[in-house]
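If you read the sequence from its start, that first residue is 1, and numbering goes on from there. Just follow the structure's listing: the first ligand is 1, and inside any ligand the first atom is 1.
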Amino acid sequence: MYMQKLRPRRMRISAGVRDMVRETELSVKDFVYPIFVVPGEHVREEIPSMPGCYHLSVDNAVKLAQEIYELGIPSVEVFGLPEYKDEIGSSAWDMKSPVQRAIAAIKEAVPELVIVGDVCLCQYTSHGHCGKLCGHYVDNDETLKLLQKVAVSQAKAGADIIAPSDMMDGRVAAIREALDGDGFMNVSIMSYAVKYASGYYGPFRDAADSAPQFGDRKQYQMDPANVQEALKEVDLDVAEGADIIMVKPALAYLDVVRRVRDHIHHPVAVYNVSGEYAMVKAAAQNGWIDEKRIVLETLTGMKRAGADIIITYHAIEAAKWMAEA
Ligand code: PBG
Ligand code: ZN
């Protein structure tokens with residue numbers, strides 16, 4: 001009898017009521033769109049493992065940045081493929097490399113767009129690891145010196161936010177010190193604080209030509225089984241001066257996102273990574289899922305889990321779908 005009076009369905013009875021009681025609202029302002037810049041001019045080549053994403057030369061990256069801004073997306077993250085690779089990844093801090101040129105050109109053309117620079121070495125080293133090698137070991141403290149150079153070069157180019165994705169210990173403090181030392185005290189750090197050694201990065205490594213030539217990244221990226229360790233990483237990066245804390249990947253780690261959100265007062269970002277994107281695209285291309293519904297549902301799930309910022313390759317399509325809705 002009592003149960004008859006308790007009718008949660010009343011709050012779902014119409015679109016108007018559902019709108020009134022909705023707890024999580026996805027916004028285009030939550031998004032960061034990652035772009036891949038390559039050498040050359042007039043290049044716009046679709047990335048086979050990431051349909052709808054492109055390798056862009058600087059001129060086309062600027063055009064896309066303009067479109068992104070017009071859609072209301074506040075930010076892009078710039079990744080690059082360099083003209084040359086060597087043992088220490090020195091093209092990562094070359095001001096003439098595609099990333100530095102793209103950052104400067106986008107900043108000039110679309111100054112309001114927030115530019116995030118990805119700081120790592122794996123796209124730039126001949127061996128594909130995220131730092132300087134000592135034998136087969138990635139030398140932590142030697143790598144920090146190189147990451148400092150990369151961060152400063154991107155800040156010089158015009159990056160608003162520096163996002164280190166290498167997972168070396170102490171890199172947030174090292175980068176903060178280098179940025180401040182060069183007068184970039186207002187450039188923020190978005191730390192990939194909780195980055196797991198994940199199979200979901202596969203398509204990105206094809207796109208960025210950054211797969212390790214031997215071994216794997218398990219000595220620096222985290223074990224997918226751990227969450228206490230995630231909170232330890234977060235505490236360290238907060239103490240070192242990170243402004244935004246990221247969890248990556250997103251989908252298989254939403255419990256981690258919630259734990260991190262409840263643990264700190266900093267903005268929390270998630271990276272909806274390439275493998276998560278590719279799975280959705282493949283299923284959609286086969287007609288097995290309704291892509292629009294699935295993408296908006298997934299992104300809403302990330303927000304509900306506690307993400308304030310969502311880095312996603314679906315940003316452009318999602319922004320268009322949300323404008324229709
Ligand atoms: C490089 C880097 C990776 C991603 C972002 N920066 C891959 C990796 O660690 O191998 C993954 C992004 C994605 O899969 O979308 N440090
Ligand atoms: Zn890397």
Side-chain angles (χ1 to χ4, degrees), residues 31-37 47-55 76-82 85 87-93 99 116-133 138-140 143-144 146-147 150-151 154 161-169 171-172 175 190-224 233 246-253 269-282 298-299 302 309-315:
F31 298 154
V32 178
Y33 184 72
I35 58 174
F36 295 94
V37 291
I47 298 166
S49 54
M50 300 175 69
C53 293
Y54 295 83
H55 282 140
V76 290
E77 176 159 0
V78 183
F79 293 92
L81 284 80
K85 301 196 187 210
E87 275 287 304
I88 57 167
S90 55
S91 55
W93 60 86
V99 164
V116 180
D118 179 84
V119 167
C120 200
L121 296 169
C122 52
Q123 287 119 276
Y124 309 93
T125 50
S126 42
H127 45 76
H129 275 285
C130 300
K132 185 173 172 182
L133 292 181
V138 176
D139 185 321
N140 195 90
T143 300
L144 295 184
L146 307 181
L147 296 171
V150 183
Q154 294 183 355
I161 299 178
I162 295 300
S165 65
D166 51 281
M167 287 301 276
M168 297 302 118
D169 294 331
R171 95 282 204 173
V172 171
I175 288 172
M190 172 160 71
S191 175
Y192 288 67
V194 183
K195 180 172 177 179
Y196 289 95
S198 171
Y200 282 98
Y201 306 149
F204 174 96
R205 290 182 188 173
D206 289 340
D209 186 30
S210 64
Q213 298 302 301
F214 64 87
D216 52 40
R217 303 209 202 289
K218 290 180 185 167
Q219 286 190 340
Y220 41 105
Q221 299 182 347
M222 280 181 50
D223 182 340
E233 286 284 2
M246 192 199 300
V247 175
K248 176 189 176 185
L251 209 44
Y253 300 88
V270 293
Y271 201 134
N272 175 210
V273 300
S274 58
E276 300 171 32
Y277 175 84
M279 291 194 302
V280 172
K281 283 288 168 192
T298 303
L299 297 174
M302 292 171 190
I309 297 168
I310 304 174
I311 303 165
T312 177
Y313 305 101
H314 294 292

Would you say the ring centers of H129 and F214 fall short of 6.0 Å from each other?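 Yes.
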
Between Y196 and Y253, is the gap from one ring center to the other below 6.0 Å?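 Yes, ring centres under 6.0 Å apart.
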
With side-chain contact (heavy atoms from CB on, under 4.5 Å) as the criterion, how do Y33 and E77 come out once you've worked through the C-alpha distance, each side chain's angles and the decisive distance to 0.1 Å? CA-CA 6 Å; Y33 184 72; E77 176 159 0; over 6 Å; no

What residues form a side-chain hydrogen bond (donor to acceptor under 3.5 Å, both in side chains) with T298, not counting sequence neighbours?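 T298 satisfies side-chain hydrogen bond (donor to acceptor under 3.5 Å, both in side chains) with no residue once adjacent residues are dropped.
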
Write down, by chain and number, every protein residue that brings a non-hydrogen atom to less than 4.0 Å from an atom of ligand 1.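 Lining ligand 1: F79, D118, C120, C122, S165, K195, Y200, Y201, F204, R205, R217, Q221, K248, Y271, V273, S274, Y313.
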
Under the side chain to side chain contact (heavy atoms under 4.5 Å, CB included) rule, collect the residues that match up with S165, sequence neighbours excluded.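 Applying side chain to side chain contact (heavy atoms under 4.5 Å, CB included) to S165 gives D118, C120, Y192, K195.
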
If the cut-off is 2.8 Å, does any N/O/S atom of C120 fall short of it from the Zn ion (ligand 2)?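 So C120 counts as coordinating the Zn ion (ligand 2), yes.
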
Sort and list the pairs that fulfil side-chain hydrogen bond (donor to acceptor under 3.5 Å, both in side chains) and have at least one residue in residues 198-211, not counting sequence neighbours.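 Non-adjacent pairs meeting side-chain hydrogen bond (donor to acceptor under 3.5 Å, both in side chains): K85-D209.
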
Do Y277 and T312 touch side chain to side chain, with heavy atoms closer than 4.5 Å?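 SC-SC contact between Y277 and T312 ruled out.
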
Rounded to the nearest 10 degrees, what's the angle SG of C122 makes with SG of C130 at the Zn ion (ligand 2)? Could you check?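 My answer is 110°, to the nearest 10°.
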
